[in-house]
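Note that the structure is predicted; figures quoted are calculated from it, not measured.
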Amino acid sequence: MLAGRFITIEGIDGAGKSTQVERVAARWRAAGLEVVRTREPGGTPLAESLRELVLHRTMDTLTETLLVFAARRDHLREVVEPALARGAVVLCDRFTDATFAYQGGGRGFDLTVLAQLEHWVQQGRQPDLTFWFDLAPEIAARRRAAARAPDRFESEDIAFFTAVRQGYALRFGAAPRRVARIDAECTPEAVAAQIDAALEARGW
Ligand SMILES: Nc1ncnc2c1ncn2[C@@H]1O[C@H](COP(=O)(O)OP(=O)(O)OP(=O)(O)O)[C@@H](O)[C@H]1O
Ligand SMILES: Cc1cn([C@H]2C[C@H](O)[C@@H](COP(=O)(O)O)O2)c(=O)[nH]c1=O
């Protein structure tokens, strides 16, 4: 049963998440479900304002971390929890796994502090399923370069994205049943087939 499920999509920048997300949402809408598509940081007017700061203004890692959690708190209260309570499927581009990967893995921020903030802000809320779009940072960088002007994160080098990828691997190693790893190096069609297979394996 899919209603009232919280599903997140993760991966380094340029992994191909946005390319797939509408297809997944359309599949569920066609099945008669309410689908709430949202993203982090963002998803509410306040959180979108914080997103602009995080993506474009210079700041230290503690400030960055507190801003993504502040945005998350507002997003959870205003969008995610009400949608889940009325039985919608929430499909969210990034969530707290990204904080562990980017601020923890990429920036080297203390994982114990991240876990405390996670507990405070989320009060136990976790995704029911997370798709991890995994690919080599060099390939993701080539895709991004062809697609758009970089923001603060996308301007980082291969070493940073290698550390972010390791941050995801560490985080997901501790929650293997929640996570479906998607080989994101293949064609969009092959990525879509992996997503469908992961959903079908869960009876969704
Ligand atoms: N499987 C794929 N193979 C090759 N190119 C792809 C694939 N999927 C997406 N792309 C292309 O790579 C670029 C980045 O894709 P997309 O914006 O979907 O990534 P993203 O993971 O959402 O990135 P971000 O997290 O930075 O928003 C786009 O130009 C897109 O067309
Ligand atoms: C949730 C979250 C996100 N980030 C970073 C990761 C990305 O570089 C940007 C968001 O951009 P996207 O195009 O929407 O993927 O923000 C982060 O560093 N920490 C987080 O918790």
Side-chain angles (χ1 to χ4, degrees), residues 3-15 17-22 24-25 28-29 33-107 109-133 144 147-156 160 164 167-168 171 178:
R5 301 281 185 175
F6 183 30
I7 297 164
T8 59
I9 311 177
E10 297 282 355
I12 61 175
D13 294 83
K17 297 178 280 81
S18 313
T19 302
Q20 298 291 333
V21 75
E22 185 49 39
V24 176
W28 293 333
R29 287 195 185 109
L33 290 161
E34 181 195 356
V35 180
V36 173
R37 265 191 64 184
T38 187
R39 68 175 181 181
E40 289 211 354
T44 70
L46 174 60
E48 288 290 331
S49 301
L50 296 176
R51 176 189 174 91
E52 280 306 300
L53 299 177
V54 170
L55 265 57
H56 300 293
R57 299 286 287 271
T58 303
M59 62 188 73
D60 79 340
T61 301
L62 175 57
T63 307
E64 186 179 283
T65 300
L66 294 174
L67 288 180
V68 295
F69 272 112
R72 181 161 302 134
R73 176 71 181 171
D74 192 56
H75 184 222
L76 279 167
R77 281 173 54 84
E78 298 296 325
V79 174
V80 176
E81 295 295 351
L84 295 174
R86 64 177 185 267
V89 182
V90 177
L91 186 55
C92 188
D93 191 341
R94 302 190 184 281
F95 191 60
T96 309
D97 298 319
T99 316
F100 278 82
Y102 281 77
Q103 282 66 51
R107 306 273 196 232
F109 193 82
D110 188 330
L111 298 181
T112 312
V113 177
L114 293 185
Q116 288 169 341
L117 288 166
E118 176 184 35
H119 177 70
W120 251 39
V121 166
Q122 291 166 223
Q123 303 285 306
R125 172 63 67 193
Q126 290 293 341
D128 297 295
L129 170 64
T130 298
F131 289 108
W132 175 26
F133 281 42
R144 291 196 307 274
R148 56 187 172 250
D151 61 33
R152 254 179 88 233
F153 294 101
E154 292 169 343
S155 304
E156 295 284 353
F160 175 82
V164 172
Y168 274 126
R171 170 83 168 167
R178 170 168 71 85

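Nearest heavy-atom pair, Phe69 versus Leu114, reported as atom, atom and distance to 0.1 Å: CZ-O, 3.9 Å. Between Leu76 and Pro82, the closest heavy-atom pair is O-CD, 3.7 Å. Nearest approach of Arg5 to Asp128, heavy atoms of both residues: CA-OD2, 3.3 Å. Heavy atoms only, all atoms of each residue included: Leu53 and Met59 are closest at O-CE, 3.3 Å. Across every non-hydrogen atom of Val35 and Arg29, the tightest pair is O-NH2, 3.3 Å. Closest approach of Thr44 and His75 over heavy atoms only: CG2-CA, 3.7 Å.
In this structure, the side chains of Arg178 and Asp97 come closer than 4.5 Å at one or more pairs of heavy atoms. Here the side chains of Thr19 and Phe133 are not in contact, with every heavy-atom distance at 4.5 Å or above. Contact check for Val21 versus Asp93: no side-chain heavy atoms found under the 4.5 Å cut-off. Residues Leu84 and Arg125 meet the side-chain proximity criterion, which asks for heavy atoms closer than 4.5 Å.
Under the salt bridge (charged side-chain N to carboxylate O under 4.0 Å, His left out) criterion, Asp74 pairs with no residue, sequence neighbours left out. Residues passing the ring pair (Phe, Tyr, Trp, His ring centres under 6.0 Å) test with Phe6 are Phe95, sequence neighbours excluded. With sequence neighbours excluded, no residue forms a side chain to side chain donor-acceptor pair (under 3.5 Å) with Gln116. A search for ring pair (Phe, Tyr, Trp, His ring centres under 6.0 Å) contacts involving Phe109 returns nothing, not counting sequence neighbours. Scored by the ring pair (Phe, Tyr, Trp, His ring centres under 6.0 Å) test, Phe100 finds no partners at all (sequence neighbours excluded).
Listed by first then second residue, pairs satisfying salt bridge (Lys or Arg N to Asp or Glu O under 4.0 Å) with a partner in residues 46-56 read Arg39-Glu48, not counting sequence neighbours.
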Checklist entry - So Val79 and Val36, side chain to side chain contact (heavy atoms under 4.5 Å, CB included) or not? Walk me through it. => result CA-CA 9 Å; Val79 174; Val36 173; 4.1 Å; yes
Item to check | side chain to side chain contact (heavy atoms under 4.5 Å, CB included) between Phe131 and Gln20, intermediate numbers included | outcome: CA-CA 11 Å; Phe131 289 108; Gln20 298 291 333; over 6 Å; no
Checklist entry - Yes or no on salt bridge (Lys or Arg N to Asp or Glu O under 4.0 Å) for Arg107 and Asp60, after CA distance, side-chain angles and deciding distance? => result CA-CA 10 Å; Arg107 306 273 196 232; Asp60 79 340; over 6 Å; no
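Here Glu78 contributes atom CD and Arg73 contributes atom CZ; the two are 10.5 Å apart, rounded to the nearest 0.5 Å. Distance check: Arg152 CZ to Glu154 CD gives 12.0 Å after rounding to the nearest 0.5 Å. The distance from atom OG1 of Thr130 to atom CD of Glu10, rounded to the nearest 0.5 Å, is 6.5 Å. Distance check, rounded to the nearest 0.5 Å: CG of Leu50 to CG of Leu66 gives 11.0 Å. In this structure, CD1 on Ile12 lies 10.0 Å from CZ on Phe160, to the nearest 0.5 angstrom. One finds the CZ atom of Arg57 at 12.0 Å from the OG1 atom of Thr63 (value rounded to the nearest 0.5 Å).
Arg72 and Thr99 share a side-chain donor-acceptor pair at under 3.5 Å.
Applying the 6.0 Å contact sphere to NE2 of His119 captures no more than 12 heavy atoms from other residues, nucleotides or ligands. Counting non-hydrogen atoms of neighbouring residues, nucleotides and ligands closer than 6.0 angstrom, the CZ atom of Arg77 reaches no more than 12 such neighbours.
Figure legend: Arg171 and Tyr168 shown without cation-pi pairing, the cationic atom not lying both under 6.0 angstrom from the six-membered ring centre and within 45 degrees of its axis.
Between Arg144 and Asp151, none of the side-chain N atoms (NZ, or NE/NH1/NH2) sits under 4.0 Å from a carboxylate O, so this pair counts as no salt bridge.
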